[in-house]
Every structure is written in structure tokens, then in C-alpha cells.
A.B. asks: 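I am attaching a structure below and will ask some questions about it afterwards.
One-based numbering along the sequence shown.
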Amino acid sequence: MPEQNIKIVIAGPRGNMGSEAVKMVTSTDHFQLVAVVDSKNNGKMLGEIEGQPSLDIPVYEDLAVCLAEHEPQVLIDLTAPKFGRKHMEIAFDHGVRPVVGTTGFSDQDIIELRKLAEDKKLGAIIAPNFAIGAILMMKFAQSAAKYLPDVEIIEKHHDRKLDAPSGTAIKTAQLIQEVRSSKIQGHLEEKEELAGARGANFDGMHIHSVRLPGLVAHQEVIFGGQGQTLTLRHDSINRTSFMPGIQLSVDTVMNIDTLIYGLENIIE
């Protein structure tokens with residue numbers, strides 16, 4: 001049974017993901033949205049902000065003040081990569097369990113934040129992608145790479161995305177790396193006539209990033225073998241696709257006392 005009446009703060013409620021998260025939290029019976037954190041609009045109610053639902057939910061600019069005054073159990077952070085680690089550290093200081101959808105965490109960040117979580121005996125989840133279908137794509141790709149080790153990744157996102165490659169593409173490559181021996185792909189004498197034509201190189205795999213208006217979040221993992229290719233593809237048509245994963249993360253984070261990086265670790 002899910003934890004009853006989980007008190008939640010959302011950071012980034014005006015963003016595309018954040019606005020969907022507000023709808024999800026306020027429509028989930030055992031969730032309670034107690035406040036939001038925004039880069040402006042301090043002191044207003046959420047319903048006073050253009051484009052937001054008519055809710056008497058207080059808006060804060062200062063995360064620490066917000067957490068101290070409302071004592072939530074979970075912080076859902078859907079802001080920007082530069083804020084992710086700082087917000088997690090503030091959450092831990094206030095005994096709050098973070099569920100984070102921002103990217104840009106280094107391996108060292110994960111190690112240090114996991115130690116903080118375990119020292120505080122608090123659960124935390126960082127998810128490069130909350131879409132269940134995308135997580136399945138990554139797990140399938142890892143399985144396929146055992147038999148088809150030549151692979152390239154093409155990820156496509158909207159043109160407002162700040163980071164490239166996407167966190168999902170990097171996480172996919174990391175999962176493949178676990179089961180695949182390092183190798184150079186393509187011709188040994190291959191030459192880029194235009195720098196970057198072959199994309200980023202991760203352990204011999206090439207990752208290509210596309211940024212265009214009209215896209216949301218899409219990824220293809222293409223495997224090549226003798227006389228055959230295999231393509232795994234996932235498309236998020238809109239951002240409601242991420243909400244079941246966020247809901248699952250909130251429920252899960254209440255019952256763990258460490259940091260989990262990637263939803264594939266909580267999906268059977």
C-alpha cells in the first residue's frame with residue numbers, strides 16, 4: 001500500500017515538466033502539494049501566476065525557507081542542471097527526500113550525494129528520464145548489446161534543452177558499457193570532414209544529438225551486425241509520459257535510505 005498523504009514540494013512549477021507534475025500531484029489521492037519553489041513570484045499563490053491552476057499553494061523563491069516552513073517529506077525537483085545538486089543538499093539538510101529530474105550529475109556527484117543520503121538515512125532518486133517506456137528501451141538496449149556490440153545512439157529533443165547529449169543517452173551508453181567490451185567503431189582511417197560529424201564518442205559508441213522545435217523527447221539505439229540491424233526507439237509525445245515515473249519515484253523514495261540513480265533500478 002502507498003504511504004498515505006505524502007507532503008510534497010515541487011521546484012520548477014512553471015516549466016513544461018513542472019506544470020504537469022503539479023497536475024499529477026494534486027490529482028493523486030495520497031499526495032499533498034504543500035508549496036512550490038519558483039525563481040520568481042515569491043509570496044504569491046500558485047493560482048495568481050498566469051497559466052497555473054487556481055490553487056492556494058504558496059510560492060517561494062528560497063528552497064530552504066520553503067522546506068523549513070512546510071516540512072514536506074518529498075521534494076520533486078524539475079528545475080535546471082545547475083541547481084540539481086544544490087537543491088538535493090538543501091533537501092537532505094531539512095530531512096526531505098529528493099526526487100530529481102535534472103541532469104548534469106557527474107559520477108563523483110552521485111557518490112557524494114549517495115553518501116549524504118545514507119548518512120541522513122534518507123531516500124533519493126535521480127532519474128535522467130521518468131518515462132517508463134524509455135527505461136524499458138534502455139534495459140532492452142543493454143540486453144541487445146551483449147550480442148550486437150556495434151551501436152550508435154541518436155537522441156532528439158526540443159530546441160530549448162540546455163544539455164547535449166541528453167541524460168537518457170548517456171545513461172543508455174553507460175548501461176551498454178557494462179556488458180560490452182570497449183571497441184573502436186567505423187573505419188580505422190575514418191576522418192571527419194566537418195568536426196563533430198560522427199557525434200560524441202563514449203567508449204567507442206557514437207551519440208548524436210538533434211535539437212528542433214516540435215520535438216519533445218525521442219531516442220533511437222541502432223545496433224549493427226552481420227547482415228542485420230536492430231533499432232530500438234522510444235518517443236515521448238508529450239510530457240504526461242513522465243508522470244507515472246515521477247509518481248512511482250515518490251512512492252519508492254519513501255521506503256529507501258540510499259540514492260538510486262536511474263529508474264531502471266526500481267523497475268523489475
A.B. asks: Just so I know, are the side chains of I246 and E20 near enough to count as touching, which here means a heavy-atom distance under 4.5 Å?
C.D. replies: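 They are not in side-chain contact.
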A.B. asks: What residues, two or more places apart in sequence or in another chain, satisfy side-chain contact (heavy atoms from CB on, under 4.5 Å) together with D38?
C.D. replies: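 Partners of D38 by the side-chain contact (heavy atoms from CB on, under 4.5 Å) criterion, ordered by chain and then number, come out as P13, R14, K40, N41, I49, V59.
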A.B. asks: With rounding to the nearest 0.5 Å, note down the distance linking CD1 in I153 to OG1 in T168.
C.D. replies: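 So the gap between those two atoms works out to 10.0 Å.
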A.B. asks: Hey, could you give me each pair passing side chain to side chain donor-acceptor pair (under 3.5 Å) that has a residue in residues 130-139? Not counting sequence neighbours.
C.D. replies: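 Applying side chain to side chain donor-acceptor pair (under 3.5 Å) to every pair that reaches into residues 130-139, excluding sequence neighbours, yields nothing.
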A.B. asks: Apply side-chain contact (heavy atoms from CB on, under 4.5 Å) to I222 and list each qualifying residue two or more places apart in sequence or on a separate chain.
C.D. replies: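 If we apply the side-chain contact (heavy atoms from CB on, under 4.5 Å) test to I222, skipping adjacent residues, the hits are I154, E220, T231.
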A.B. asks: Applying ring-ring contact (aromatic ring centres under 6.0 Å, His included), can you list everything that pairs with F223, at least two apart in sequence or on another chain?
C.D. replies: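 Per chain and number, F223 pairs via ring-ring contact (aromatic ring centres under 6.0 Å, His included) with no residue.
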A.B. asks: Any ring pair (Phe, Tyr, Trp, His ring centres under 6.0 Å) pairs touching residues 95-154, not counting sequence neighbours?
C.D. replies: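 Listed by first then second residue: nothing to list.
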A.B. asks: Under the rule for side-chain contact (heavy atoms from CB on, under 4.5 Å), what residues qualify as partners of D235, not counting sequence neighbours?
C.D. replies: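 Partners of D235 under the side-chain contact (heavy atoms from CB on, under 4.5 Å) test: H218, R233, I237.
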A.B. asks: Residues in salt bridge (charged side-chain N to carboxylate O under 4.0 Å, His left out) with D29, at least two apart?
C.D. replies: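 Testing D29 for salt bridge (charged side-chain N to carboxylate O under 4.0 Å, His left out), a comparison that skips the adjacent residues, returns none.
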A.B. asks: Could I get the full list of ring-ring contact (aromatic ring centres under 6.0 Å, His included) partners for H94, not counting sequence neighbours?
C.D. replies: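 So H94 forms no ring-ring contact (aromatic ring centres under 6.0 Å, His included) with any residue.
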A.B. asks: When rounded to the nearest 0.5 angstrom, what is the spacing between CG in D150 and OG1 in T229?
C.D. replies: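 Taking CG in D150 and OG1 in T229, the distance rounds to 12.0 Å.
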A.B. asks: For residues V151 and R180, report the shortest heavy-atom separation together with the two atoms involved.
C.D. replies: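 Nearest pair, atom of V151 first, then R180: CG1-NE, 4.1 Å.
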A.B. asks: Excluding sequence neighbours, so at least two apart, what forms salt bridge (charged side-chain N to carboxylate O under 4.0 Å, His left out) with D257?
C.D. replies: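 With neighbours one apart ignored, the set is empty.
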A.B. asks: Considering residues at least two apart in sequence or located in another chain, which fulfil the side-chain contact (heavy atoms from CB on, under 4.5 Å) criterion with D163?
C.D. replies: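 With neighbours one apart ignored, the set is T103, K161.
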A.B. asks: Residues in salt bridge (charged side-chain N to carboxylate O under 4.0 Å, His left out) with E190, at least two apart?
C.D. replies: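 With sequence neighbours excluded, E190 shows a salt bridge (charged side-chain N to carboxylate O under 4.0 Å, His left out) to R198, given in chain and number order.
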A.B. asks: F83: what forms a ring-ring contact (aromatic ring centres under 6.0 Å, His included) with it, not counting sequence neighbours?
C.D. replies: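 For F83 the ring-ring contact (aromatic ring centres under 6.0 Å, His included) partners, ignoring immediate neighbours, are H87.
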